[in-house]
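What you are looking at is a predicted structure, and each value in this text was computed from that prediction instead of being measured. Convention: sequence-line order gives letters A, B, ...; per-chain numbering from 1. No hydrogens, no waters, no symmetry mates; every other heavy atom, side chains included, goes into these values.
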Amino acid sequence: MPLRHHIMKGDEGMQHLIEMSGIKKSFAGVVALQNANLHIAPGEVHAIIGQNGAGKSTLIKILTGVYRRDAGEVTINGTPSTVSAPREAQDAGIATIYQELSLVPLRSVTENVMMGYEPRTRFGMIDWKAAHKRTREILDRFGINIDVKAQLGSFSTAIQQLVAIARAVSLNAQLVIMDEATSSLDDQEIEILFSVVRELKKEGVAVLYISHFLDELYQICDRVTIMRDGQTVGQHVIAETTKLGLISEMLGRDPEEIEAAGMTGLGGGEKATPGAPLFEAEHISTARGLKDVSLTVRKGEIVGLGGLLGSGRTETARALFGLDGLKSGHINSHGGAGQIGTPAEAIAAGVGFLTEDRKREGIVPHMTVRENMTLALLPKLKKMGRVDRKRETDLVERFITSLGIKTSGMEQPIRELSGGNQQKVLLARWLALEPEVLILDEPTRGVDVGAKFEIQSIIREYVDRGLGVLLISSEFEELVEGADRIVVLRDGASITELQNPGVTEESLIAAIAHHHAEAAA
Amino acid sequence: MTMDNNVVQNTPKSTGPKFDWSLVARNGGAIALLVILLFNVLVTPNFLHPQTLFVNISQVATIAIVAVGMTLVIATGGIDLSVGAIMALSGALAPLIFTSPFAEANPELGLALSIIVPIVVALACGVFNGALVSLLNVQPIVATLIFFISGRGIALVLTNGNLQTFTNPAFSYLGTGKILGFPFQGYLVLIIAVCVWWVMAYTVFGRQLLAVGGNERAAELSGVPVKRVKIGAYVICAGLSGLAGLIVVAINSASDAARIGNLMELDAIAAAVVGGTLLQGGKAPIFGAILGAVIIQLVKYTLLANGVADEVALIAKAGIIVLAVYVQQARKE
């Protein structure tokens, strides 16, 4: 590994590809970065980690010209950077692959890869033959073999992401920034992505890798930069670190302290005997792919939904919340009488639903923290035809304090908050309704380690006070530690139920896998 | 790795008092209004004459009333192209009612009906628009195109395409009445603006409307009755358009279905945009829309009063819209 060698020895004398030092940035008086540094060597895979709100994305946006820095120095290949717009960053060899792709799904692969750089014929028309050929060559380098004339949108997210990377590299990128690139990929697709990252590295292209999944970093990264509270607090060769060490540095806490507290905040509620049933689904099926799901949520317990991607977990939640009409079966809610056919009726029956997609289905970005928090509660805040402002602000104040929401005030637009704090506001939106049952779909996804623990603790606290929770999580750890029972789903049907205590990650995986093997046989 | 030296000042913010451009962007409307007023005081003859004020108030009223409704619709992420046609429809209906034999026999009842019926018809048009948009998921621009095309047609059919002239002082009060020397419809605009502003700021409906425009999925999942809220916006907009149609007829003591509210949809959208409404929804600056209407009216008046042809005035109006959009874009940063 010649590269690694290079990096470890060469902090003096050798030239960094990117050097950012002493970066400062504030937004309307709120400090986002106060002393941030980032050094990336040519051809290395560099990770950047930190809690939400630590300043990772701000630092990157300064590098790519989206924001302008207040102070500090940025050099690219040793020369001071003049990048002040994303387009200029691209010209300087910095390409960004975002979580949400910035490609055109309805156009062909070739059009997407060549966009803006189409080869021309003598008459100034696009030379399609050459364009297809060049696109094929570019994709071949990464071992992607697809029909370049087909619509980009007809391929999986992983392929689309790879096409975006291929495009970036074809534009002579020296640095590819991947922002949460794996969050929507399955295991196999992640493997493909990683091999592409290794390929890039071989060709001398540096990769800046942002991810909440620490395990991934150990698989492909060379070095890691850790940020906390707008500052760079550490930079290590990743092979010399431990996961616990990274977490403690991110949080600024002692490793021992974290280990003692357990890995999630959901555990510890196993003593209580299950209460009265709140909510029962019996053999429900929907047009969206649910075939036969039955489950019960009782007072003061967390029921987990286990299963693989596509097993029908989110679909179950949608059906229970009245988003998808039932084809057969029925739902009994003991909170309120009546049919659940719309979200409004579900809410009236005492059911809440914290959705998986915070941006698309959760926040109203223009609105303030206060307005977002009370959106579902509004009808209950009505007093003589108007919203009771006094009661509203009291309530919001209370939740900001009790959930530890970091905001400059309840009138701050929610879009300015970090992901974890947005999630807390949305959690408060439901808790404020004092629901009987709360459906949580991936409540801690895309949230940093600290906020994750806090959110889990809040959920546990409310469950201990009698809330019934239906928990969907892709993290087995969260399910196994948190849930009192786990209903295992496969192909839209509930196939078995595991009872805690006694469930381990292994036994959960076995339950899922066993039934899969059975299905295959 | 030293971190504290080499701090480069990247923005010239701290170099003494400097002109803050964001201030201009934020108060663009008010500044534009001041500039136009100043220009008129200096250039336009008789601008400070009270008569000028009255003329402008009575003319801006219809734009402002419709712009308030339009602002609500745009705030849901929609648009309403049918406002002008609905004005024509209600404006054609009113004289038909109070010149009918029944109304001649019962003048009070006839007068009341000639105001109530057209507005009810307008509200029904709004229900239709809203139902198409929210229940059948028709794109707003297409849904409201139906009345944009047919509304004026219906009005022309009702009146056989004739110009209806009348003398009915009680009805004309809507357009020519004065309270404390100021035109009646000026007060009407203020009352409507304050009411709608209050609704948007303090009621559940207002908050839900902004949430629907800001993120419809999120609003629906939070139990907001999205469909009902959207229909509400279109109904209010249509009702206000109906009222504006009555005012136009009252001002002229004549009703010409082919001309009432002609191109009003563009004026109203322009006023809303100049006033700071985001076309993608989620914001409803009611007083901004009034300000926008005033600016557009004053520009029209300025050019007219200084002998610039009507056609050229249209170009100027386009210029204002471009400028307003530009300022909005700048403000986003």
Can you name the nearest heavy-atom pair linking [X] to [Y], along with the distance?
{"X": "A:W430", "Y": "B:L221", "value": "CH2-O, 3.2 Å"}
{"X": "A:G362", "Y": "B:A218", "value": "O-CB, 3.1 Å"}
{"X": "B:G214", "Y": "A:P365", "value": "O-CD, 3.9 Å"}
{"X": "B:N215", "Y": "A:K359", "value": "ND2-O, 3.3 Å"}

Calculate, to the nearest 0.5 Å, the distance between atoms [atom1] and [atom2] belonging to [X] and [Y] respectively.
{"X": "A:R360", "Y": "B:E216", "atom1": "CZ", "atom2": "CD", "result": "12.5 Å"}
{"X": "B:S222", "Y": "A:L377", "atom1": "OG", "atom2": "CG", "result": "11.0 Å"}
{"X": "A:M367", "Y": "B:L210", "atom1": "CE", "atom2": "CG", "result": "4.5 Å"}
{"X": "A:L381", "Y": "B:R207", "atom1": "CG", "atom2": "CZ", "result": "8.0 Å"}
{"X": "A:R386", "Y": "B:T203", "atom1": "CZ", "atom2": "OG1", "result": "10.0 Å"}
{"X": "A:L375", "Y": "B:Q208", "atom1": "CG", "atom2": "CD", "result": "7.0 Å"}

Side chain, backbone, both or neither: which part of [X] has a heavy atom under 4.5 Å from chain B?
{"X": "A:E392", "result": "side chain"}
{"X": "A:I347", "result": "side chain"}
{"X": "A:R318", "result": "side chain"}

Does atom [atom1] ([X]) have a neighbourhood of more than 12 heavy atoms from anything else shown, all under 6.0 Å?
{"X": "B:R228", "atom1": "CZ", "answer": "no"}
{"X": "A:E434", "atom1": "CD", "answer": "no"}
{"X": "B:Y202", "atom1": "OH", "answer": "no"}
{"X": "B:L34", "atom1": "CG", "answer": "yes"}

Open item on the list: With side-chain contact (heavy atoms from CB on, under 4.5 Å) as the criterion, how do A:L378 and B:V224 come out once you've worked through the C-alpha distance, each side chain's angles and the decisive distance to 0.1 Å?
Closed with: CA-CA 9 Å; A:L378 277 180; B:V224 173; over 6 Å; no
TODO: For each of A:T342, A:I363, A:D388, tally heavy-atom pairs with chain B at distances under 4.5 Å, and name the one with the top tally.
DONE: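 If we count pairs closer than 4.5 Å to chain B, A:I363 comes out on top.
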Task: Positions in residues 125-139 of chain B that reach chain A, provided some heavy atom is under 4.5 Å away - done: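 Interface residues of residues 125-139 of chain B: none, nothing closer than 4.5 Å to chain A.
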